[in-house]
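Below, chains carry the letters A, B, ... as their sequence lines are ordered, and counting in each starts from 1. Remember, predicted model here, so these are calculated numbers, not experimental data.
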2 protein chains.
Amino acid sequence: MAVRFKPPTQEQIVKSKAIYDRQQRSDEVVDERVEKLVEELIGRVADKWTMIILELLSDKTPLRFTQISKAIGTISQKMLTQTLRQMERDGLLTRKVYPVVPPKVEYRITDLGLTLSAAFCSVWVWAADNLKEVESARLKFDQTTEG
Amino acid sequence: MAVRFKPPTQEQIVKSKAIYDRQQRSDEVVDERVEKLVEELIGRVADKWTMIILELLSDKTPLRFTQISKAIGTISQKMLTQTLRQMERDGLLTRKVYPVVPPKVEYRITDLGLTLSAAFCSVWVWAADNLKEVESARLKFDQTTEG
DNA sequence: TTTTATACTTACCTAAAAGAGAGCGCTATG
DNA sequence: CATAGCGCTCTCTTTTAGGTAAGTATAAAA
């Protein structure tokens, strides 16, 4: 698969700064329930396959089932179906079925999906940027704990 | 737990733009193995507990085992130990043991950990910002598929 | 003397997630 | 007539996540 990196747009940066400021001002008033929901959402949305599919679709939309499957390569059909359905439910993509034979289904990223993909972007960048550092940290850790 | 949001720093934005440009220029030359490693790293690092602990530690460092445990509230000792050890191995935090009784161990975020936490930040922001949208998307999906 | 505190580690168990593989419906193509 | 193609779904098995509970060391407090 082709992984592409996109920097955050200026609007996104401004937005996140605004949210940060709001957050700072009313620190004690942060609703517990909102935090729980955010955590739950993070748990669901920050998963490997979701991130990868989002990457793919933000690069090229629409894509068909087998196109995504081939692009990823290592995902089982079951997991792909499952993840796509979940993402559709969460409003990250839309699913369009053409009533033809053989079946044709198109997956198209939504605006919501695009913004999430943009948010993930910095994590991709981080991972690409810090591969070697993580690897050497692991090596060092394994050596010092092993002896 | 207190979740705080921090916007990306100017350096981070500049950096990610630089990486993006580099990426664009040599698009076909992208190493397959690097992609695989990035994916693996994402899979390991983009997990719920890692994100939460990183958030905590980026807010206040150092923290002791029980402090983290209490701050999260819903994590078992086993998972906490496991996640902390993994994060230490990946170089995201350091572990300092004081040879006293009762035991005292301090966890301190590293520079690498800080940059990852900054990268995650936009995902937290996205989640907080789009809670309602995701919820209504789910509602809509459930209603239209149920009938 | 018993309890408490701390930061684990180990063993055991269950439930959920993931993977492998077959089947399916229908048509066009060889 | 057999086969291939698409986008699944279903079943079965394996793997992983994660919880519970117990144990450990030692000193100080009750």
Side-chain angles (χ1 to χ4, degrees), chain A residues 36 39-53 56-57 60-90 93-108 141 144-146, chain B residues 1 36 39-53 56-57 60-90 93-109 141 144-146:
Chain A
K36 281 273 176 292
E39 263 181 51
E40 186 251 351
L41 194 51
I42 291 277
R44 168 148 326 173
V45 122
D47 110 289
K48 194 186 156 192
W49 295 136
T50 304
M51 287 184 71
I52 292 174
I53 293 170
L56 280 173
L57 280 179
K60 194 181 172 193
T61 286
L63 284 176
R64 297 181 59 183
F65 187 88
T66 20
Q67 287 182 299
I68 300 175
S69 173
K70 277 176 189 161
I72 299 180
T74 55
I75 192 172
S76 68
Q77 282 190 331
K78 183 190 157 195
M79 279 310 296
L80 184 51
T81 309
Q82 219 171 85
T83 310
L84 286 172
R85 215 49 57 85
Q86 205 169 245
M87 290 172 73
E88 189 196 357
R89 187 169 110 93
D90 287 346
L93 51 79
T94 58
R95 185 167 168 270
K96 186 169 183 184
V97 184
Y98 294 85
V100 294
V101 167
K104 180 179 174 182
V105 180
E106 276 182 359
Y107 293 92
R108 202 176 289 266
F141 180 89
T144 51
T145 49
E146 199 173 285
Chain B
M1 64 166 289
K36 280 272 176 295
E39 262 181 52
E40 186 251 350
L41 194 52
I42 291 277
R44 167 147 327 173
V45 123
D47 112 287
K48 193 186 155 195
W49 296 135
T50 304
M51 286 185 70
I52 292 175
I53 293 170
L56 280 174
L57 279 179
K60 192 179 174 196
T61 286
L63 284 176
R64 296 182 59 182
F65 187 87
T66 19
Q67 287 182 299
I68 300 174
S69 173
K70 278 176 188 161
I72 299 181
T74 55
I75 192 171
S76 68
Q77 281 191 332
K78 185 189 157 195
M79 279 309 296
L80 184 52
T81 310
Q82 219 172 82
T83 311
L84 286 171
R85 215 46 59 84
Q86 205 169 245
M87 290 172 74
E88 188 196 359
R89 188 169 110 94
D90 287 346
L93 50 80
T94 58
R95 184 167 170 271
K96 186 168 182 184
V97 184
Y98 293 85
V100 295
V101 166
K104 180 180 175 183
V105 181
E106 276 181 359
Y107 294 92
R108 202 176 288 266
I109 199 167
F141 180 90
T144 52
T145 50
E146 200 173 285

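Rounded to whole Å, atom C1' of dG21(C) lies 10 Å from atom CD of Gln77(A). Atoms CD1 (Ile75(A)) and C1' (dA20(C)) sit 14 Å apart, rounded to a whole Å. Following rounding to the nearest Å, Leu80(A) (CG) and dC8(D) (C1') show an atom-to-atom distance of 10 Å. Between the NZ atom of Lys104(A) and the P atom of dC8(D) there is a distance of 14 Å, given to the nearest Å. For the pair Lys96(B) NZ and dT6(C) C1', the interatomic distance rounds to 18 Å; values are reported in whole Å. Leu63(B) has its CG atom 15 Å from the C1' atom of dA7(C), to the nearest Å.
Here the side chain of Val105(A) is nearest to one of dG7(D), dT6(C), dC26(C), namely dG7(D). If you check dA5(C), dC8(D), dG19(C) against the side chain of Trp49(A), the one that comes closest is dG19(C). Counting only heavy atoms from C-beta on, Ser76(B) has its side chain closest to dT20(D) among dC6(D), dC8(C), dT20(D). Here dC10(D) is the nucleotide among dC10(D), dG5(D), dC8(C) with the atom lying nearest to any side-chain atom of Lys78(A). Here the nucleotide nearest the side chain of Arg64(B), chosen from dT6(C), dT9(C), dC8(D), is dT6(C). Side-chain proximity of Met79(B) to the nucleotides dG18(D), dT6(C), dC6(D) is greatest for dG18(D).
Residue Thr66(A) has no polar side-chain atom (N or O) positioned under 4.0 Å from OP1 or OP2 of dG5(D). A sub-4.0 Å separation between OP1 or OP2 of dA7(C) and a side-chain N or O of Arg95(B) is absent.
Tyr98(B) comes within 4.0 angstrom of nothing in the nucleic acid, heavy atoms only.
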